[in-house]
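For reference, the structure is listed below as structure tokens.
Below, each value reflects all heavy atoms present in this structure, side chains not excepted, and no hydrogens, waters or symmetry copies. Start at 1 with the first residue, then count along the sequence.
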Amino acid sequence: MILRLKDQTLIKINSTRSYLSSLVFRRDSHSQARTKPDHDRRRRGYERDVRIEEKKEHDGLFLCKSKGQHLLTNTRILDSIVRSSDIRPTDTVLEIGPGTGNLTMKLLEAAQNVVAVELDKRMVEILRKRVSDHGFADKLTIIQKDVLKTDFPHFDLVVANIPYNISSPLVAKLVYGSNTFRSATLLLQKEFSRRLLANPGDSDFNRLAVNVKLVADVKFVMDVSKREFVPPPKVDSSVIRITPKEIIPDVNVQEWLAFTRTCFGKKNKTLGSMFRQKKKVMELQSLSAGRHGSNVEVMNQTGGDSDSDVEEDGKDDLLCLDTDASMFKERVIEILRTNGFEEKRPSKLSHRELLHLLSLFNQAGIFFHDITSLQMDLHE
């Protein structure tokens with residue numbers, strides 16, 4: 001009897017402990033449930049305060065994403081960009097797309113002068129007032145024009161948050177333009193920056209990289225999250241630094257650009273396959289003959305695909321071409337074969353190899369540039 005009572009007492013005690021434990025667990029669960037919403041509310045409140053401050057800063061100013069109007073607001077990142085630019089107190093800095101002047105103010109503190117090119121009249125007015133309020137008006141020159149249609153005055157450096165929609169033509173204008181400068185520190189779309197940084201053999205290696213790196217060195221500086229902009233763009237950004245080379249290859253720029261356009265149209269095809277295509281042979285024959293005053297009709301110049309993925313063995317094509325075209329094609333293939341280029345792919349070739357191949361073609365009277373064209377085509 002006594003043992004039975006003890007057992008019953010122990011059972012009651014254990015049951016009581018289990019019940020109390022369950023109460024404690026439920027209390028903790030409720031406490032956590034209350035804590036998480038409280039944390040979320042505080043976080044949302046903080047983000048709301050930040051948005052309010054940003055709205056106050058740009059109150060009444062509608063920013064157009066389609067024009068690349070994304071303002072960098074993080075002071076720490078702005079300072080890092082200025083430091084990485086290596087600005088000297090005697091420098092004149094060119095800034096493209098200054099917006100409301102977040103970066104401009106930093107540049108004015110570090111440089112002797114700043115030349116800012118801005119198309120948007122609203123931005124110009126805000127920038128001019130802001131600079132004047134801080135006593136920097138005599139150090140800033142504002143050019144209210146389309147940067148792609150503007151002749152730049154003298155400058156030593158470029159430091160800019162580049163609108164994404166003009167990145168390629170603007171980089172082309174800088175590296176192949178008439179202005180000499182020490183370096184360009186640019187904030188660009190991350191994917192575009194990666195393409196500029198690519199090297200032969202990389203999956204991203206492309207015509208833009210091969211053309212820019214012919215005349216300049218490109219260095220990665222840092223990545224910048226899209227959350228650092230107002231309004232935030234859809235993609236992240238990167239800062240890169242472009243430094244013009246002191247010595248550049250002695251090559252006709254237009255001929256080089258036309259040559260790389262041909263080679264990188266299908267960069268992973270073999271050169272032998274690429275230069276066996278009927279349409280490509282006729283185009284090259286026409287361009288080359290034009291250098292000697294001849295008039296050769298280009299077959300199907302406006303139709304077809306000059307970079308078809310279907311590789312041709314060349315035998316059937318020779319039957320379709322006249323005697324002169326067949327001989328011309330054999331000359332092209334012979335240059336590739338005897339110099340070890342027939343089975344190589346443009347995406348794997350170095351600048352030295354590409355320059356050598358272009359030289360071999362030109363020496364044989366084979367040219368790629370239409371001398372009647374004035375277009376500076378740097379990218380795809």
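Side chains of Val93 and Ile87 form a contact here, defined as non-hydrogen atoms less than 4.5 Å apart.
Taking CG from Asp79 and CD1 from Ile77, the interatomic distance works out to 10.0 Å, rounded to the nearest 0.5 Å. Interatomic distance, Leu214 CG to Thr260 OG1, rounded to the nearest 0.5 Å: 9.0 Å.
When the shell of 6.0 Å around CG of Asp151 is examined, it contains 12 or fewer heavy atoms from other residues, nucleotides or ligands. Asp250 CG: 12 or fewer foreign heavy atoms inside a 6.0 Å radius. Around NZ of Lys129, the count of heavy atoms belonging to other residues, nucleotides or ligands within 6.0 Å does not exceed 12. Within 6.0 Å of the CD atom in Glu191, the count of heavy atoms belonging to other residues, nucleotides or ligands does not exceed 12.
In this structure, a donor-acceptor pair under 3.5 Å is present between the side chains of Asn102 and Arg130. Of the N and O atoms on the side chains of Arg83 and Ser80, at least one donor lies less than 3.5 Å from an acceptor on the other residue. Thr243 and Asp217 share no donor-acceptor pair across their side chains, judged by distance under 3.5 Å alone. If you check the side chains of Asn362 and Glu255, you find a donor sitting under 3.5 Å from an acceptor. When only modelled atom types and interatomic distance are considered, Gln189 and Ser193 share no side-chain donor-acceptor pair under 3.5 Å.
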Steps toward side-chain hydrogen bond (donor to acceptor under 3.5 Å, both in side chains) verdict (Ser326, Glu330): CA-CA 6 Å; Ser326 298; Glu330 283 298 325; over 6 Å; no

Asn339/Leu360 under side chain to side chain contact (heavy atoms under 4.5 Å, CB included): CA gap, chis, key distance, verdict: CA-CA 9 Å; Asn339 292 280; Leu360 292 172; 3.4 Å; yes

Could you walk me through whether Glu343 and Thr270 pass the side-chain hydrogen bond (donor to acceptor under 3.5 Å, both in side chains) test, one step at a time? CA-CA 5 Å; Glu343 297 303 319; Thr270 64; 4.8 Å; no

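The side-chain tip of Lys267 does not point at the ring of Phe264 from less than 6.0 angstrom away and within 45° of straight on. A cation-pi arrangement, defined by a distance under 6.0 Å to the six-membered ring centre and an angle within 45 degrees of its axis, is absent between Lys234 and Tyr164.
Salt-bridge formation is not detected for the pair Lys145/Glu118: no Lys NZ or Arg NE/NH1/NH2 atom is positioned less than 4.0 Å from an Asp or Glu carboxylate oxygen. The pair Arg227-Asp236 does not count as a salt bridge, with every side-chain nitrogen at least 4.0 angstrom from each carboxylate oxygen. Using a cutoff of 4.0 Å between basic side-chain nitrogens and carboxylate oxygens, Glu334 and Arg331 are not scored as salt-bridged. Salt bridge annotation for Glu283-Lys278: absent, with no cationic side-chain nitrogen under 4.0 angstrom from a carboxylate oxygen. Salt-bridge formation is not detected for the pair Asp202/Lys348: no Lys NZ or Arg NE/NH1/NH2 atom is positioned less than 4.0 Å from an Asp or Glu carboxylate oxygen.
Leu354 and Val253 end up in the same hydrophobic cluster when Ile, Leu, Val, Met, Phe, Trp and Tyr side chains are linked at under 4.5 Å. One hydrophobic cluster holds both Ile166 and Leu174 under the rule that ILVMFWY side chains link at heavy-atom gaps under 4.5 Å. A single hydrophobic cluster is seen to contain both Phe259 and Tyr176, as judged by linkage of ILVMFWY side chains at heavy-atom distances under 4.5 Å, directly or through other members. Residues Phe181 and Ile143 share a hydrophobic cluster, clusters being chains of Ile/Leu/Val/Met/Phe/Trp/Tyr side chains in contact below 4.5 Å. No path of Ile, Leu, Val, Met, Phe, Trp and Tyr side chains, each step under 4.5 Å between heavy atoms, connects Leu119 with Val115, placing them in separate hydrophobic clusters.
Between Leu140 and Ala116, the shortest heavy-atom distance links the atoms CD1-CB, 4.0 Å. Listed here is the closest heavy atom pair of Ala216 and Ile242: CB-CG2, 3.7 Å. Closest heavy-atom contact between Val281 and Ala325: CG1-O, 3.9 Å. Across Lys269 and Gln277, no two heavy atoms sit closer than the pair NZ-NE2, 3.0 Å. Of all heavy-atom pairs spanning Cys263 and Pro346, the tightest one is O-CG, 3.1 Å.
Between Phe368 and Phe275, the ring planes are perpendicular. Angles over 60° get that label, and only those under 30° would be called parallel.
Evaluated for a side chain to side chain contact (heavy atoms under 4.5 Å, CB included) with Val158, the options Leu94, Leu170, Asn179, Thr185 yield exactly one hit, Leu94.
Using modelled atom types, no side-chain atom of His369 and backbone atom of Leu257 make a donor-acceptor pair closer than 3.5 Å.
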